[in-house]
Structure formats: structure tokens, C-alpha cells
Protein chains: 2
Amino acid sequence: MQMSYVRETSAGYLTNWAARLFARAIERRLAGGNSGPMPVFFALQDGGAMTQKALAQLAAVEQPTMANTLNRMERDGLVLRTPDPNDRRSAQVSLTPLGRERAKAAFVSAIEVNRIATDALKPEEREVFYDMLRRIIGALERDAGTE
Amino acid sequence: MQMSYVRETSAGYLTNWAARLFARAIERRLAGGNSGPMPVFFALQDGGAMTQKALAQLAAVEQPTMANTLNRMERDGLVLRTPDPNDRRSAQVSLTPLGRERAKAAFVSAIEVNRIATDALKPEEREVFYDMLRRIIGALERDAGTE
DNA sequence: CTCATTTGCATAGCTTGCTATTTAAATCCA
DNA sequence: TGGATTTAAATAGCAAGCTATGCAAATGAG
């Protein structure tokens with residue numbers, strides 16, 4: 001039956017499934033928090049500030065996606081948008097004290113979930129897994145670039 | 001800097017990134033089509049019919065998610081819901097001729113993208129990669145089960 | 001200096017995913 | 001048999017992702 005082929009050896013299917021499980025596992029631990037702000041937390045945790053564009057690039061999402069994420073985070077008091085005096089189109093985004101607090105909690109949860117997941121791998125397999133994923137990401141980004 | 005730690009060795013981050021790239025790569029090839037119906041296509045491609053619940057379980061998504069996907073597919077003329085005479089709460093879902101046509105195209109695209117992605121791995125690594133992903137999925141499902 | 005182009009964000013509108021809740025049919029048990 | 005429970009699906013409402021498009025500020029070319 002084709003379905004078993006797909007379920008077992010479709011990299012896209014398995015990757016999507018794993019990604020949803022990762023997100024839900026983190027969200028279950030955050031009690032009300034979501035996993036969307038995670039890349040922003042990681043980028044700004046040390047007190048730095050950067051533009052929406054830079055955040056989108058770090059998070060590897062499109063600009064409107066990051067705009068929406070930052071809107072929700074601003075609404076929830078997690079980030080601050082400070083107008084850039086040198087470029088009136090742009091703003092520097094930084095974490096509020098509440099944002100830094102949430103970032104720490106999110107970091108703890110992410111590390112715990114990462115450990116639970118990679119405990120399913122032998123220690124010597126873990127770096128291999130990351131490397132394989134990075135190579136697959138590279139191949140798909142190259143494919144996207146050469147439409 | 002913590003960000004590079006996250007980008008390079010957070011399994012959740014890398015998995016989410018790869019999953020989005022897979023979906024976009026398939027969608028780019030489908031010209032207007034989306035990747036959401038894929039699990040339904042795979043499950044019903046041979047002319048079979050099953051309930052929404054069974055489809056949700058095969059696709060590993062929640063029931064309302066599958067309900068929405070089937071609503072869109074029904075709207076687009078891809079599936080048919082046939083009321084079950086033995087259980088008036090339930091319907092058997094099957095592909096229309098157009099649905100089977102789209103399923104074939106989606107299958108071709110999925111296989112091509114899968115090939116492009118796994119070409120980044122050595123042949124002997126591919127089964128290892130699937131196996132690792134399956135083990136990680138198992139670990140995260142166990143974690144979800146034991147809240 | 002002015003106008004065309006580029007750039008940074010915002011907005012609109014869609015899909016896919018989730019949780020929580022509701023509705024109605026089927027089933028179970030006393 | 002009749003009420004309680006379970007089950008299948010629908011609905012509401014939100015997050016996070018995308019593409020396409022619009023707008024205003026900055027930049028560059030003549």
C-alpha cells in the first residue's frame with residue numbers, strides 16, 4: 001500500500017510531523033506561551049536590538065510573517081519597537097523585561113524538549129542528524145533559489 | 001553567541017525550517033495547489049474511501065484540522081463525502097476524478113522534492129535519516145502521551 | 001535637484017495547524 | 001426502555017506560515 005511507503009519514507013511528511021511535535025511539546029511546557037516568538041527570543045535575549053528585516057532573516061521566515069509575530073509580541077508586552085532616527089521607515093526591536101523573562105523560560109523548555117528528542121538518538125548520532133538536516137535544508141534552499 | 005547555537009543545533013528549529021522548505025518546494029511545483037491535501041491524496045489514491053477520523057489518524061493531525069482540509073478539498077471538487085447509511089454521524093470520504101488527477105501530480109512533485117532533498121545525503125545515509133526521524137517522532141509522541 | 005528605483009514595513013487574504021466546545025447520533029447499562 | 005456515556009463531526013477562535021500588493025522614506029542617476 002502506497003500510504004505506508006509515504007508515512008515511512010517521505011522525508012517531507014516525517015519532517016513536518018516532527019516539527020509539529022516539537023512545537024507542541026514546547027508549547028505544552030510554556031502554559032499559554034507559543035513557540036512562534038522563540039527565534040526572536042534567541043536573537044534578542046542578550047539585550048540587543050535589531051530591525052524586523054534582520055529578525056526575519058535570522059528566523060528564516062518571510063517579512064510579513066515576522067511582522068505578524070512582532071505585532072503579537074508587542075501586543076503581549078514582550079517587545080518594544082524603537083523608531084530609528086536615521087531611517088524613519090525602520091525601527092529597532094528589543095525585548096522588554098517581561099520579554100526577557102519569557103525568553104528564559106522558553107529557552108529552558110526548548111532545551112528540555114531538544115534533550116527528550118535527541119535522547120532517542122545515540123550520542124554519536126546526534127551531530128550526524130544535525131548535519132544531515134543542515135544538508136537537506138541547503139539542498140532545498142538551493143532548489144528554491146533556482147526556480 | 002547563543003543564536004548560532006540555536007540555529008545550528010536546535011533540532012526543533014532545524015526540523016521546522018526543513019518542513020517549511022519541503023512544503024514550499026512541493027507547492028511551487030503544483031502551480032496553485034497546496035501541500036495540505038497530500039496525506040489525503042496518499043490515503044485515498046487507490047480509489048478507497050474512509051472516514052474523516054481515519055484520515056486524521058493517518059495524517060497525524062487533529063480532527064478539526066482534517067475537517068478543514070476536507071472542507072477546502074470539497075469546495076475545490078477534490079473529494080466527495082458520502083453519508084454512511086449505518087451511522088448518520090459519519091461520512092465516507094473519497095477522491096473525485098479531479099481529485100485523483102491532482103493526487104497523481106502531487107505524488108510526482110513529492111517524489112521529486114524528496115529526491116532533491118535526499119540527494120544531499122549519501123545513499124547509505126538515507127535510511128539512517130528516516131530511522132532517526134522516526135525515533136525522534138516516537139520520543140515526542142511518548143512525551144505528549146505522558147503529560 | 002529631480003525623478004526613478006530600491007528598500008523597510010504594513011496590509012490583505014489565504015492555508016494549515018492547534019485547543020476548546022457544541023451537536024447529534026449511537027451505544028451501554030441499569 | 002430510558003437515561004448516561006461515548007463517539008463523529010462541526011464550529012469558533014487563534015497562531016504561524018505564505019504570496020501579493022501598497023506606501024512612504026531613502027537612495028541613486030542624469
Side-chain angles (χ1 to χ4, degrees), chain A residues 12-13 15-28 30-40 50-57 59-76 78-79 81-93 144 147, chain B residues 12-13 15-28 30-40 50-57 59-76 78-79 81-93 144 147:
Chain A
Y13 178 86
T15 308
N16 172 278
W17 190 2
R20 287 184 287 118
L21 287 169
F22 269 113
R24 275 192 278 172
I26 290 175
E27 284 164 15
R28 244 181 300 119
L30 288 182
N34 303 310
S35 64
M38 288 279 313
V40 179
M50 57 182 80
T51 64
Q52 181 179 112
K53 184 191 164 97
L55 286 170
Q57 283 171 338
V61 299
E62 297 301 320
Q63 169 261 320
T65 299
M66 183 52 68
N68 279 331
T69 296
L70 293 177
N71 283 345
R72 283 186 295 267
M73 292 180 74
E74 196 174 33
R75 178 200 64 192
D76 298 340
L78 304 179
V79 294
R81 280 176 164 126
T82 309
D84 184 337
N86 300 321
D87 186 338
R88 280 186 296 162
R89 295 169 304 180
S90 194
Q92 294 289 320
V93 180
E147 45 231 66
Chain B
Y13 178 87
T15 308
N16 173 277
W17 190 2
R20 286 184 288 117
L21 287 169
F22 269 112
R24 275 193 277 173
I26 289 175
E27 283 164 14
R28 244 181 300 119
L30 288 181
N34 303 311
S35 64
M38 288 278 313
V40 179
M50 57 182 82
T51 63
Q52 181 180 112
K53 183 191 164 99
L55 286 168
Q57 284 171 338
V61 297
E62 298 300 319
Q63 170 261 320
T65 299
M66 182 52 68
N68 280 331
T69 296
L70 293 177
N71 283 345
R72 285 186 295 268
M73 293 180 75
E74 194 174 33
R75 177 200 65 194
D76 299 338
L78 304 179
V79 294
R81 281 175 162 127
T82 309
D84 183 336
N86 300 321
D87 186 338
R88 280 186 298 162
R89 295 169 304 181
S90 193
Q92 294 289 319
V93 180
E147 42 232 67

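So that the names make sense, note that chain A is the first sequence line, chain B the second, and so on, each numbered from 1. Computed over heavy atoms, backbone and side chain alike; hydrogens, waters and symmetry mates excluded.
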Rounded to the nearest 0.5 Å, what separation is found between the [atom1] atom of [X] and the [atom2] atom of [Y]?
X: A:Asn16; Y: B:Thr15; atom1: CG; atom2: OG1; value: 11.0 Å
X: B:Leu55; Y: B:Met73; atom1: CG; atom2: CE; value: 9.0 Å
X: B:Arg81; Y: B:Ser90; atom1: CZ; atom2: OG; value: 10.5 Å
X: B:Met66; Y: B:Lys53; atom1: CE; atom2: NZ; value: 13.0 Å
X: A:Gln52; Y: A:Arg89; atom1: CD; atom2: CZ; value: 12.5 Å

The answer to which of B:Gly36 and A:Ser90 contacts DNA chain C further toward the 5' end, by nearest nucleotide, is A:Ser90
DNA chain C nearest-nucleotide lookup for A:Gln63 and A:Arg20: closer to the 5′ end is A:Gln63
Among C:dA26, C:dA10, C:dT16, the one nearest any side-chain atom of A:Ala67 is C:dA10
Per atom distances to the B:Asn34 side chain, the nearest of C:dA26, C:dT16, C:dA20 is C:dT16
On DNA chain D, more 5' by nearest nucleotide between A:Arg75 and B:Arg89 is B:Arg89
Comparing nearest nucleotides in DNA chain D, the 5'-proximal residue of the pair B:Gln92, A:Pro85 is B:Gln92
Give [X] one of three labels, base, sugar-phosphate or nothing, depending on what nucleic acid heavy atoms sit under 4.0 Å from its own.
X: A:Pro83; answer: nothing
X: B:Ala23; answer: nothing
X: B:Thr51; answer: sugar-phosphate
X: A:Asn16; answer: sugar-phosphate

Expressed in angstrom and rounded to an integer, what is the separation of [X] atom [atom1] from [N] atom [atom2]?
X: B:Asn86; N: C:dA25; atom1: CG; atom2: C1'; result: 13 Å
X: A:Phe22; N: C:dG17; atom1: CZ; atom2: P; result: 17 Å
X: A:Glu62; N: C:dT16; atom1: CD; atom2: P; result: 17 Å

Just by distance, no angles: are the side chains of A:Ser35 and A:Glu27 close enough, under 3.5 Å, to form a donor-acceptor pair?
yes
Chain A vs DNA chain D, heavy-atom contacts under 4.0 Å, first-to-last nucleotide span, 5' to 3', is D:dA15 to D:dA26
Determine: side-chain N/O of B:Thr65 to OP1/OP2 of C:dC18, distance under 4.0 Å, yes or no.
yes
Residue-phosphate contact under 4.0 Å: A:Arg24 side-chain N/O, C:dG17 OP1/OP2: no
